[in-house]
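I have placed the structure first, in the form of structure tokens, so that the comments after it can refer back to it.
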Amino acid sequence: MYYYKIDISYDGTKYNGWQRQNNTSDTIQSKIEKALSAILGVTTEIDGAGRTDAGVHAKHQTASFCVNNPLDCDSLLQKLAKILPHDIAINSVIAMPERFHARLNARGKIYQYRIYTRPESPVFERNYCFHHSDKLDSDIMRTIAGCFVGTHDFKLYQDNRHIRKSTIRTIYDISIEENNGFIDITFKGDGFMYHMIRHIVGIMIYYAKTRETIPADFFSLTERHKKWPLAPAKGLTLISVIYD
């Protein structure tokens with residue numbers, strides 16, 4: 001068997017997330033598998049490094065697949081560019097060592113959440129940020145970011161009720177930068193669960209707007225407050241997947 005890694009960019013606006021689903025073909029995984037299968041002449045499945053939600057974007061998602069015969073990576077890249085829709089791009093196709101798996105070999109991920117805080121509409125960025133015209137205190141946001149950095153049980157801050165694996169994750173860093181009305185919140189961690197980042201951003205937004213007293217320990221709480229909003233999906237982008 002021959003193993004390959006593909007680097008993918010996509011605008012998730014009109015898709016039902018990354019993962020292949022039985023009731024729709026409008027997922028990123030389905031579109032790429034359909035294109036690969038047509039080119040290679042055999043049903044080809046890919047394994048993504050992670051699952052992004054409906055409406056979430058990616059600059060450098062990765063996926064892997066294996067085939068019985070070696071491929072010309074440059075030729076495959078050109079053919080994929082002709083078949084895939086305009087909002088999905090394969091940036092590279094790389095031959096990998098035997099048994100490479102995009103998810104199992106990943107060591108972490110970097111995501112960015114973008115907020116626009118000016119009154120006017122962010123016309124050209126409207127699909128890639130959350131427009132929140134109320135003033136937000138970025139210092140409060142940084143304080144809350146510090147509360148979530150480290151190794152914690154994030155069970156309260158994810159929405160997969162049927163999760164069977166450990167909900168303990170490590171966030172290595174959360175950085176916040178401001179520029180021309182945008183607030184960019186960058187998360188680097190070993191892994192993120194369903195809605196985890198969007199819940200943390202929602203908490204940041206709530207306290208940065210209301211200036212209420214911040215809990216002493218978010219991980220000693222027994223329930224997540226309903227007043228904390230879930231930040232919209234369109235502001236979130238997978239920046240890259242980390243490998244050794």
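Nothing fancy with the numbering, it's 1 onward along the sequence.
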Residues in salt bridge (charged side-chain N to carboxylate O under 4.0 Å, His left out) contact with [X], at least two apart in sequence or another chain:
{"X": "Asp139", "answer": "Arg142"}
{"X": "Lys188", "answer": "none"}
{"X": "Glu177", "answer": "none"}

Could you check whether any side-chain N or O of [X] sits under 3.5 Å from a backbone N or O of [Y], counting only pairs where one atom can act as donor and the other as acceptor?
{"X": "Gln29", "Y": "Gln19", "answer": "no"}
{"X": "Ser30", "Y": "Asp26", "answer": "no"}
{"X": "Gln158", "Y": "Asn160", "answer": "yes"}
{"X": "Tyr4", "Y": "Leu71", "answer": "yes"}
{"X": "His131", "Y": "Arg118", "answer": "yes"}
{"X": "Thr117", "Y": "Gly181", "answer": "yes"}
{"X": "Thr44", "Y": "Val42", "answer": "yes"}

Please check if any side-chain donor atom of Tyr10 sits under 3.5 Å from a side-chain acceptor atom of Trp18, or the reverse.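 The answer is no; no qualifying pair exists.
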
Are Thr27 and Asn16 linked by a side-chain donor-acceptor pair shorter than 3.5 Å?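 No, Asn16 and Thr27 have no side-chain donor paired with an acceptor closer than 3.5 Å.
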
Any residue meeting ring-ring contact (aromatic ring centres under 6.0 Å, His included) with Tyr113, in chain and number order, not counting sequence neighbours: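 In terms of ring-ring contact (aromatic ring centres under 6.0 Å, His included), with neighbours along the sequence ignored, Tyr113 is linked to no residue.
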
For Phe154, all residues meeting ring-ring contact (aromatic ring centres under 6.0 Å, His included), sequence neighbours excluded: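 Phe154 satisfies ring-ring contact (aromatic ring centres under 6.0 Å, His included) with His152, Phe219 only.
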
Sequence neighbours excluded - salt bridge (charged side-chain N to carboxylate O under 4.0 Å, His left out) pairs with any residue from [range]:
{"range": "residues 165-176", "value": "none"}
{"range": "residues 207-220", "value": "Asp134-Lys209, Asp137-Arg211, Glu212-Lys227"}
{"range": "residues 88-110", "value": "Arg107-Asp244"}

Without placing hydrogens or testing angles, list every side-chain donor-acceptor pair under 3.5 Å for residues 54-66, not counting sequence neighbours.
unit_1	atom_1	unit_2	atom_2	d
His57	ND1	Asp11	OD1	3.4
His57	ND1	Gly12	N	2.9
His57	NE2	Asn127	O	2.8
His57	NE2	Lys234	O	3.2
His60	ND1	Asp7	OD1	2.9
His60	ND1	Asp7	OD2	3.2
Gln61	NE2	Gly50	O	3.0
Thr62	OG1	Tyr243	OH	2.6
Ser64	OG	Ala102	N	2.9

Within the 6.0 Å centroid threshold, strictly below: Phe182 and Tyr116: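 Ring-ring flag for Phe182/Tyr116: true, centres closer than 6.0 Å.
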
Under 6.0 Å between ring centres: does that hold for Tyr172 and Phe187?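 Between Phe187 and Tyr172, which both carry aromatic rings, the centre distance is not below 6.0 Å.
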
Using side chain to side chain donor-acceptor pair (under 3.5 Å) as the criterion, list what pairs up with Asn69, not counting sequence neighbours.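 With neighbours one apart ignored, the set is empty.
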
Counting only pairs under 3.5 Å, give me each side-chain donor-acceptor contact of residues 192-199, with atom names and distances, residues two or more places apart or in other chains.
unit_1	atom_1	unit_2	atom_2	d
His195	ND1	Asp159	OD2	2.6
His195	NE2	Arg198	NH1	3.4
Arg198	NE	Ala231	O	2.7
Arg198	NH1	Asp53	OD2	3.4
Arg198	NH2	Ala231	O	3.3
His199	NE2	Asp159	OD1	3.2
His199	NE2	Asp159	OD2	2.7
His199	NE2	Arg224	NH2	3.4

Per the ring pair (Phe, Tyr, Trp, His ring centres under 6.0 Å) rule, what does the pair list look like for residues 28-49, sequence neighbours excluded?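 Sorted pair list comes back empty.
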
Going by heavy atoms in the side chains, are Ile90 and Leu84 under 4.5 Å from each other?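 Heavy-atom side-chain distance check passes, below 4.5 Å.
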
